[in-house]
Amino acid sequence: MRRLTPPAKHPALEETAVLTSQVIIIGAGAAGLMCAMSAAARGRRVLLLDHANKAGKKILMSGGGRCNFTNLYCEPANFLSHNPHFCKSALARFTQWDFIALVAKHGVPYHEKKLGQLFCDNKSSDILDLLLDECEQAGVDLRLSTSVSEITRVEGGYQLQTSIGPTRCESLVIATGGLSIPTLGATGIGYQIARQFGHSLLPTRAGLVPFTITDPQLKALCSELSGTSVEDCRITCNGQSFVENILFTHRGLSGPAILQISSYWQPGQAISIDLLPRIDLPVWLAEQQRERPNSELKTLLADLFTKKMAGLLAEHWLTSKPMKQYTPGELKVIAERLSDWQLVPAGTEGYRTAEVTLGGVDTREVSSKTMESLKSPGLYFIGEVLDVSGHLGGFNFQWAWASGYAAAQYV
Ligand SMILES: Cc1cc2nc3c(=O)[nH]c(=O)nc-3n(C[C@H](O)[C@H](O)[C@H](O)COP(=O)(O)OP(=O)(O)OC[C@H]3O[C@@H](n4cnc5c(N)ncnc54)[C@H](O)[C@@H]3O)c2cc1C
């Protein structure tokens, strides 16, 4: 890790009686904790504030309780942003291998689940504990249940009115995340601060989020199949495809493939679902007709799906009869329905369940090297508050680590 000499403290900050730090970070989530420990390790005096009563609540909830903390195959193509080049520099300077080395240093056991996704063997708290441990070792002053009511630019830095009194710093880092899951502490304060200091915001919306369905017939199908998952479907929308599992829910559709495509979907658009991308359906159906002419379609589909799903698909979409009774034209329609199921979601479940917020602080007004604002010197933005969102699979944490580390070298 590169060590930089801390700049001399500004005289204006020496004189004041208020709680003074060289660096104040608002938000003790993934990015804020990484930034705090790395800046403090450089010898910077760091105050880390969070309004929640616990640091890293999303880390604890993540990966179904096992925190998918990074991805072996992380690269810039795994991120959405209006400025796709922005993330490259930070990702290259703190890679998945750097985070894996940190995990190994703390003896946290982990495994690859699939597609390069690394999860804790035990609990997400292993990751939070290692970050808190690093912060403590480096001397970070962590204050929880602390709210910020006002921020003003003063000579040589920023002054904050907080519930622990007035505080001042040379560098102010905004690590307050996005809008997803308000019950885990999400607020829009990062966007308000950005606006206050002259930054443009790109429209925000929920990403990595389940779809809702209102079409009565389709909703009934989803509801009846609620809890059923179909492995390795190909989902396509707006030229983007993912092959992963889908899950039927009472409200509509979820599962990794659906969450991934939701980040690319715009309201009113159709998505295409290939339920059997590994099977050449016209060939398979012709074979079945030849080899099992007296078997009903739903019986054959039960070899590929659960029995219940096969029955419901046959009932809702396709008429089930013995294979020998289908005309070539009917078999073609069946193949098309199963491989290109066109469906228009009514909407998404929104920030209530979304894993990320798309959009946010426009990265064209932030340095990709230092994460410092190009509008207000000494102000930094890291993590999800920026218009950088990862695919599902550990990429969002990797962005939090990388952007937090990048800023920490300059604050
Ligand atoms: C349920 C769930 C599961 C997820 N699982 C994964 C996963 O397995 N892998 C992965 O890569 N990503 C996962 N993500 C996404 C990942 O959690 C986020 O992208 C990541 O936490 C963003 O880091 P951040 O530090 O920018 O924001 P956050 O981690 O959200 O931290 C923001 C912090 O700011 C604080 N804050 C907010 N407003 C204020 C305020 N007004 N005053 C003071 N403090 C404030 C919050 O309390 C919070 O502690 C998941 C998200 C969710 C919701």
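All heavy atoms count here, side chains included; hydrogens, waters and symmetry mates do not. We count ligands from 1, going down the list as the structure has it; atoms in each ligand are counted the same way.
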| said: Is there a polar contact between ligand 1 and Ala30, counting only N or O atoms under 3.5 Å apart? | reply: yes
| For atom 27 (O) of ligand 1, the protein heavy atom that lies nearest, with its residue and separation | Gly177 CA, 3.4 Å
| query | Is a side-chain donor or acceptor of Asn68 paired with a backbone partner of Thr70 at a separation under 3.5 angstrom? | reply | yes
| Any donor and acceptor pair, going by atom type alone, linking the side chain of Ser124 with main-chain N or O of Ser62 inside 3.5 Å? | yes
| field | Residue that, paired with Phe99, satisfies ring-ring contact (aromatic ring centres under 6.0 Å, His included) out of Trp401, Trp399, Tyr110 | value | Trp401
| said: How about CD on Glu231, more than 12 heavy atoms from neighbouring residues, nucleotides or ligands closer than 6.0 Å, or not? | reply: no
| Nearest to atom 35 (C) of ligand 1, what protein heavy atom do you find, and at what distance? | Asp50 OD2, 3.2 Å
| message | Gln398 versus ligand 1: do any nitrogen or oxygen atoms come within less than 3.5 Å of each other? | response | no
| Closest non-hydrogen protein atom to atom 14 (N) of ligand 1, residue and atom name please, with distance? | Glu355 OE1, 3.7 Å
| message | For ligand 1 and His51, I'd like to know whether there is a polar contact (N/O to N/O, distance under 3.5 Å). | response | yes
| note | In this structure, atom 11 (O) of ligand 1 is nearest to the protein heavy atom Phe397 N, 2.8 Å
| task | Measure across Ile382 and Ala31 and return the closest heavy-atom pair with its distance rounded to 0.1 Å. | result | CD1-O, 3.4 Å
| said: Heavy atoms only, cut-off 4.0 Å: how does Ile189 contact ligand 1, side chain, backbone, both, or neither? | reply: side chain
| query | Please state which protein non-hydrogen atom is closest to atom 28 (P) of ligand 1 and give its distance, to 0.1 Å? | reply | Gly29 CA, 4.1 Å
| message | Quick test: of every protein heavy atom, which one is nearest to atom 37 (C) of ligand 1, and how far off is it to 0.1 Å? | response | Gly185 O, 3.2 Å
| request: Could you tell me whether Lys298 atom NZ has more than 12 heavy atoms of other residues or ligands within 6.0 Å of it? | output: no
| request: Say whether Gly27, considering both its backbone and side-chain N or O atoms, lies within less than 3.5 Å of an N or O atom on ligand 1. | output: no
| message | Between Glu296 and Ser320, is the side-chain hydrogen bond (donor to acceptor under 3.5 Å, both in side chains) condition met? List the steps. | response | CA-CA 6 Å; Glu296 273 210 31; Ser320 186; 2.7 Å; yes
| said: For Tyr158, does the six-membered ring have the charged nitrogen or CZ of Arg153 within the cation-pi criterion, i.e. under 6.0 angstrom from the centroid and within 45° of the normal? | reply: yes
| task | On the 0 to 90° scale, with breaks at 30° and 60°, tag the Phe395-Phe79 ring pair as parallel, tilted or perpendicular. | result | perpendicular
| What about Thr187: any of its N or O atoms under 3.5 Å from an N or O on ligand 1? | yes
| task | For Gly394 and ligand 1, answer yes if some heavy atom of the residue is under 4.0 Å from a ligand atom, otherwise no. | result | yes
| query | Among all protein non-hydrogen atoms, which one is nearest to atom 8 (O) of ligand 1, and what is the separation to 0.1 Å? | reply | Gly63 N, 3.1 Å
| request: Nearest heavy atom to atom 19 (O) of ligand 1 wins, so pick from His391, Lys54, Glu384. | output: Glu384
| Min N/O separation Gly56 to ligand 1 under 3.5 Å | no
| Does the Asn396 side chain pair with the main chain of Gly390, one donor and one acceptor, at a distance under 3.5 Å? | yes
| task | Please lay out, stage by stage, how Glu170 and Arg45 fare under the test salt bridge (Lys or Arg N to Asp or Glu O under 4.0 Å). | result | CA-CA 10 Å; Glu170 293 163 8; Arg45 201 164 59 253; over 6 Å; no
| Does Ala175 have a non-hydrogen atom less than 4.0 Å from ligand 1? | yes
| Tell me: protein heavy atom nearest atom 3 (C) of ligand 1, and distance? | Ser62 CA, 3.6 Å
| message | I'd like to know whether ligand 1 has Ala354 as a neighbour, heavy-atom separation below 4.0 Å. | response | yes
| Cation-pi between Lys375 and Phe197: NZ/CZ under 6.0 Å from ring centre and within 45° of the ring axis? | no
